[in-house]
Peer 1: 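This is the structure, below, for whatever I ask next.
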Amino acid sequence: MAHPRRKTIIAGNWKMNKTRGEAQTLIKALASGLDGQKDLPEVLVFPPFTALDTASKAVAGAPIEVGAQNMDYRDAGAFTGEISPAMLVDLGLKYVLIGHSERRQFFGETNQTVPLKVKAALDNGLTPIICVGELLDERENNLTDPVVKRQVGAAVNGLTPEEVNRVVFAYEPVWAIGTGKVCEAKEAARVAQQIRNTLRQFMPAPHDPENVSVLYGGSVTAANAEEILGQEPVDGALVGGASLKADEFLTIIKSTKKVGII
Ligand code: PGA
């Protein structure tokens with residue numbers, strides 16, 4: 001069942017894939033697959049920076065929003081290779097991924113930089129989708145809960161409860177990303193709920209962490225989407241590999257209706 005106050009989101013993280021022409025082709029196929037469909041979740045795509053402008057024009061009139069995979073937290077200046085929040089807003093974007101595990105593993109993203117980016121996103125009117133999740137050896141050493149709690153706490157530290165209310169989380173166990181190993185649906189649901197429980201200390205009453213959407217990501221495919229999305233604490237999916245193929249991504253989008261979460 002859909003939670004009455006949480007957004008259901010199916011997001012495609014394209015990572016370092018798709019030229020502008022390929023982006024346009026994929027978006028066209030998604031738009032025609034969604035044309036005339038009722039009861040859709042929020043459908044988001046996260047192309048690489050070079051295809052953002054093309055993609056945001058290509059989604060015009062379609063029920064699809066475009067977001068960026070990363071950004072810097074500073075406004076402007078001598079930061080070679082970086083992209084500012086204002087540059088994303090200038091493209092008409094509304095969403096940005098923050099703290100994806102590939103950024104954490106390969107590009108120096110930490111629990112110190114994530115909150116700076118989250119705050120900068122919110123200050124610029126962007127919705128951050130904050131990615132958290134444990135490494136395989138952390139899971140094997142029973143450290144999933146403390147690791148995820150620490151990442152969640154760090155990400156929202158210093159935000160007002162109203163600001164925390166505007167973020168979206170994605171639970172992405174690192175060992176499940178791009179590996180074909182999916183987290184068991186019940187376990188994904190347990191951690192998703194744990195994320196909301198952790199938010200409680202940052203959102204005292206009358207604010208309610210039950211209003212914060214938590215997605216699952218890590219080897220989501222058309223074949224396993226229904227099982228994962230059928231878990232009440234999970235409000236959608238952040239999809240990597242399977243979002244690069246229109247048919248498969250469309251099936252994942254439509255499975256939200258099948259399991260009744262929209
Ligand atoms: P995957 O990636 O679906 O290819 O495992 C998910 C992600 O990294 O967001």
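Order of appearance sets the numbers: ligands from 1, and atoms from 1 within every ligand. Hydrogens, waters and symmetry mates are skipped; everything else that's a heavy atom, side chains included, is used. In this chain, numbering begins with 1 at the start of the sequence shown. Note that this is a predicted model, so its numbers are computed, not measured.
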Peer 1: Between Glu210 and Arg5 (salt bridge meaning N to carboxylate O under 4.0 Å), is one present in this structure?
Peer 2: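 Arg5 and Glu210: not salt-bridged.
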
Peer 1: I need the atoms of ligand 1 closer than 4.0 Å to a non-hydrogen atom of Ser219, numbered in the order shown.
Peer 2: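 Listed by number with element, the hits are 1 (P), 3 (O), 5 (O).
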
Peer 1: Please identify which atoms of ligand 1 are closer than 4.0 Å to at least one heavy atom of Gly241.
Peer 2: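 Matching atoms, with element in brackets: 1 (P), 3 (O), 4 (O).
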
Peer 1: Atoms of ligand 1 less than 4.0 Å from Gly218 heavy atoms?
Peer 2: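 With Gly218 as reference, the close atoms of ligand 1 come out as 5 (O).
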
Peer 1: Does a side chain donor of either Glu134 or Tyr171 reach within less than 3.5 Å of an acceptor in the other side chain?
Peer 2: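 Tyr171 and Glu134 do have a side-chain donor-acceptor pair below 3.5 Å.
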
Peer 1: Would you please test Gln231 and Tyr216 for side chain to side chain donor-acceptor pair (under 3.5 Å) and show each step?
Peer 2: CA-CA 10 Å; Gln231 305 290 321; Tyr216 168 80; over 6 Å; no

Peer 1: Are His100 and Glu172 linked by a side-chain donor-acceptor pair shorter than 3.5 Å?
Peer 2: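 Checked: His100/Glu172 side chains pair up, N/O donor to acceptor below 3.5 Å.
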
Peer 1: Quick one: does Ala176 get within less than 4.0 Å of ligand 1, heavy atoms only?
Peer 2: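 It does; at least one heavy atom falls under 4.0 Å.
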
Peer 1: Among all protein heavy atoms, pick the one closest to atom 9 (O) of ligand 1 and tell me residue, atom and distance.
Peer 2: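 The closest heavy atom on the protein side is Glu172 OE2, 2.7 Å.
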
Peer 1: With a 4.0 Å cut-off, would you call Glu232 and Arg6 a salt bridge?
Peer 2: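 The answer is yes: the pair qualifies as a salt bridge.
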
Peer 1: Using distance alone, decide if ligand 1 has a nitrogen or oxygen within less than 3.5 Å of any nitrogen or oxygen in Gly178.
Peer 2: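 Yes, Gly178 has an N/O under 3.5 Å of an N/O on ligand 1.
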
Peer 1: With nothing but distance in play, are any N or O atoms of Thr179 less than 3.5 Å from an N or O of ligand 1?
Peer 2: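 Min N/O separation from ligand 1 is not below 3.5 Å for Thr179.
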
Peer 1: So is Gly217 close enough to ligand 1, meaning a heavy atom under 4.0 angstrom away?
Peer 2: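 No, Gly217 has no heavy atoms under 4.0 Å from ligand 1.
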
Peer 1: State whether Glu187 and Arg139 are salt-bridged, where the test is any N-O pair (Lys NZ or Arg NE/NH1/NH2 against Asp/Glu carboxylate O) under 4.0 Å.
Peer 2: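 So Glu187 pairs with Arg139 through a salt bridge.
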
Peer 1: Would you check the N or O atoms of Ile177, main chain and side chain alike, for any that come under 3.5 Å of an N or O of ligand 1?
Peer 2: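 It does not: no N or O of Ile177 is found under 3.5 Å from an N or O of ligand 1.
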
Peer 1: Which protein non-hydrogen atom lies closest to atom 3 (O) of ligand 1, naming both residue and atom, and how far is it?
Peer 2: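 For atom 3 (O) of ligand 1, the nearest protein heavy atom is Gly240 N, 2.8 Å.
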
Peer 1: Kindly list each side-chain donor-acceptor pair under 3.5 angstrom involving residues 80-92, sequence neighbours excluded, with atom names and distances?
Peer 2:
{"from": "Ser84", "atom 1": "OG", "to": "Ala86", "atom 2": "N", "distance (Å)": "3.4"}
{"from": "Ser84", "atom 1": "OG", "to": "Met87", "atom 2": "N", "distance (Å)": "3.2"}

Peer 1: If we count only N and O atoms by modelled type, under 3.5 Å, do the side chains of Asp145 and Gln194 hold a donor and an acceptor together?
Peer 2: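 Asp145 vs Gln194: donor-acceptor pair found between side chains.
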
Peer 1: I need the atoms of ligand 1 closer than 4.0 Å to a non-hydrogen atom of His100, numbered in the order shown.
Peer 2: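 That gives atoms 7 (C), 8 (O), 9 (O) of ligand 1.
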
